[in-house]
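Lettering of chains follows the sequences in order, A, B, ..., and the numbering in each one begins at 1.
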Protein chains: 2
Amino acid sequence: MAQQTETVRRTPLSRERVLSAAVVLADESGVESLSMRKLAQQLGVVPMALYKHVANKEELLDGMVDVIVGEIDTGASGDDWKSAVRQRVLAARQILLRHPWARHVIESRTNKSAVVLEYMDAMIGMFRAGGLSVDLTHHVMHAMGSRMWGFTQEVFDDSAGAAAEIPPAMLHAMAEKYPHVMEIAMRADHDDESVVGQGCDDQFEFEFALDLLLDGFERLHEQGWTSRGRST
Amino acid sequence: MAQQTETVRRTPLSRERVLSAAVVLADESGVESLSMRKLAQQLGVVPMALYKHVANKEELLDGMVDVIVGEIDTGASGDDWKSAVRQRVLAARQILLRHPWARHVIESRTNKSAVVLEYMDAMIGMFRAGGLSVDLTHHVMHAMGSRMWGFTQEVFDDSAGAAAEIPPAMLHAMAEKYPHVMEIAMRADHDDESVVGQGCDDQFEFEFALDLLLDGFERLHEQGWTSRGRST
DNA sequence: ATTGACAAGTGTACGCCGTACACCTACCTT
DNA sequence: AAGGTAGGTGTACGGCGTACACTTGTCAAT
C-alpha cells in the first residue's frame with residue numbers, strides 16, 4: 001500500500017530553482033521581507049534544505065544579482081562606443097526596473113561574482129575599443145558608478161507626486177521653509193506644457209545624466225586627456 | 001541607609017544622547033551590527049528605554065543621518081555657483097568619510113527629515129542663484145544623485161588593492177577571463193609615475209566625476225538649455 | 001503636606017530571524 | 001548485498017525589534 005513516497009515526488013531543488021524562486025518572492029513582496037524561511041515555504045521545503053544549495057543568505061543575494069545581471073541583453077552592436085554603451089546601459093535599466101529590489105542589493109554586495117565581473121569587463125571593453133586610454137577608462141568607470149547598472153540612487157525623492165495628497169496648509173508651510181525644493185516640486189508637478197504628467201519623468205532624468213556623462217567622456221577623450229593636474 | 005538610589009544618579013537619556021551614542025557605535029563597529037539592545041547596553045539602560053526617545057529603529061536611523069548632515073560645514077562663500085557647490089560637496093565628503101556607514105543609511109532612507117530638506121534646499125538655491133533655470137536645476141539635482149552627499153556608490157570595488165594578496169596562478173586565470181578589468185586593476189596598482197600609490201585614489205575619482213558633471217552643467221547653462229528634445 | 005498627573009525607565013514576553021548540528025533516506029556504484 | 005553520498009528533515013540556540021503592563025522619580029496644584 002505504501003504510497004509512492006508522495007503522489008509523484010516533487011521536482012528536486014537546485015541552486016537555479018532556489019535562486020529564481022527568491023527573485024520571484026523579492027519581486028512580489030520586496031527584498032526586505034525575503035527570509036530563508038519564507039523562501040523554503042514557497043518551495044514546499046524545510047528551511048534548512050536551502051543550505052544544501054546556497055551557503056547562506058549572503059550567497060543567496062549574490063546569486064539573485066547574478067540572475068538579474070544575466071537577464072541583461074548584451075547583444076553586440078557595431079555602433080560607436082558612445083551609442084554602444086548607451087544602449088547597453090539602457091538595456092540594463094529595463095531589467096533593473098522590473099526588479100526594484102535589485103538596486104539596493106547590488107549596491108550592498110561587496111563580492112563580485114563571475115557574472116558581474118563579466119558584465120563589467122565587457123563594458124570596460126567598450127570604452128577601450130572606442131580608443132579611450134586605460135587611465136581614462138578607469139576614471140570613466142568610476143564616474144559611471146551604479147549608473148552602469150541602469151539606475152541612479154534616487155536621493156531626490158519624487159516629492160512631486162506626493163504633493164497632491166499634502167494638505168494646503170502644510171504645503172504653504174513647506175514653501176516657506178524650503179522655497180527652492182518646492183519650486184522644483186511644483187514645476188515638475190503641474191507643468192502642463194511638458195511631457196511629464198505626474199511627478200517627474202525618471203527615464204528622462206536618467207538619460208539626461210547618462211548623456212551628460214557620456215558627452216563629458218567624449219570631450220575628454222577627444223582632447224587627448226591624460227591625468228590632468230597630476231604630476232608626471 | 002538607603003543609598004541615594006545610585007551613587008550619583010546617571011545623567012538621563014535624551015534623544016540627542018541616544019542618537020550620538022548610536023553614531024559612535026556605528027562608527028566603531030558598523031551599522032549592520034547596531035542593534036537597539038547593544039545601543040541600550042552602551043547607554044547603561046534597558047532596551048525598551050530607548051523607545052521613549054525614538055519611535056523605532058527606522059526613526060533612530062533617520063535621526064543618525066540628521067546628526068551627520070548637521071555636521072556638514074555650510075559656511076557661505078561668495079564664489080561663483082560652481083565653486084560654491086564644489087566646496088559644499090567636498091565638505092560633505094569630509095564628513096561622510098568619517099562615517100562610512102552613513103552612505104548606506106542615507107541611500108536607504110525613504111523619508112526626508114527637516115535637516116535633509118534644508119540641506120537640499122540650500123544646494124538647489126546655489127544653482128538657482130547661479131542663474132540656472134528651475135528646470136535645468138531640477139535635472140541637475142537628479143544628475144548629482146548621491147554625489148550631493150559627497151559619495152559615489154562604489155560599484156567599482158577597489159580590486160587593485162586586493163590584487164597583492166591573490167596567488168599568481170589565480171591572477172593569471174583572471175587576466176584571461178577578465179582582461180579589461182585586470183588591465184585597469186594592474187595599472188592602478190603599480191603605476192609608479194602617478195600619485196596613486198596603493199590601489200586607486202578615491203578622492204581623485206570623486207573629484208573627477210564631480211567636475212565632469214559640474215562642467216557639463218555649466219556648458220548646458222551657457223547654451224541656454226531648455227528641455228532639449230521635449231515638445232514645447 | 002498631599003495628591004495625582006506625567007515622563008522616564010523596567011521586566012517580561014512574543015514572534016521573527018539565520019543557521020549549527022545530528023539525523024534520516026533514497027539512490028548509485030561496486 | 002554493502003556502503004558511500006547528496007538531498008531533505010527536525011530540533012534547537014541565540015539574536016533581533018518591540019508590544020504591553022509595571023514602577024519610580026519629579027513637580028504643580030491643591
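If you take CG of Leu39(A) and P of dT19(C), they are 12 Å apart, rounded to a whole angstrom. The CE-P distance, from Met36(A) to dT9(D), rounds to 14 Å in whole Å. Rounded to whole Å, atom P of dG8(D) lies 17 Å from atom CD of Gln41(A). The CE-C1' distance, from Met48(B) to dT18(D), rounds to 5 Å in whole Å. Atom CG of Leu13(B) and atom P of dG25(D) are 17 Å apart (whole Å).
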(Q) Run Glu71(B) and His99(B) through side-chain hydrogen bond (donor to acceptor under 3.5 Å, both in side chains) and show every step you take. (A) CA-CA 11 Å; Glu71(B) 285 180 16; His99(B) 308 286; 3.2 Å; yes

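Each of Pro47(B) and Leu34(A) lies near DNA chain C, and the nucleotide nearest Pro47(B) is the one positioned closer to the 5' end. Comparing Lys38(B) and Arg37(A), the nucleotide of DNA chain D nearest to each residue sits closer to the 5' end for Arg37(A).
Salt bridge status for Asp62(A) with Arg109(A): present, with a side-chain N to carboxylate O gap under 4.0 Å. Between Arg98(A) and Asp27(A) no salt bridge is recorded (no basic side-chain N to carboxylate O distance below 4.0 Å). By the 4.0 Å N-to-carboxylate-O rule, Arg93(B) lies too far from Glu207(B) to be salt-bridged with it.
Near DNA chain C, meaning a heavy atom under 4.0 Å away, the residues from residues 51-61 of chain A are Tyr51(A), Asn56(A), Lys57(A).
Annotation for Pro179(B) and Glu176(B): closest pair CD-O, 3.8 Å, computed over non-hydrogen atoms. Nearest approach of Val116(A) to Asp66(A), heavy atoms of both residues: CG2-OD1, 4.0 Å.
Sorted by first then second residue, the ring-ring contact (aromatic ring centres under 6.0 Å, His included) pairs that include residues 107-128 of chain A, not counting sequence neighbours, are Trp81(A)-Phe127(A), Tyr119(A)-Trp149(A).
Axis deviation across the helix from dA1(C)-dT30(D) to dT30(C)-dA1(D) amounts to 10°, comparing end segments of five pairs, rounded to 10 degrees.
Within a 6.0 Å radius of CD in Gln41(A), other residues, nucleotides and ligands contribute 12 heavy atoms or fewer.
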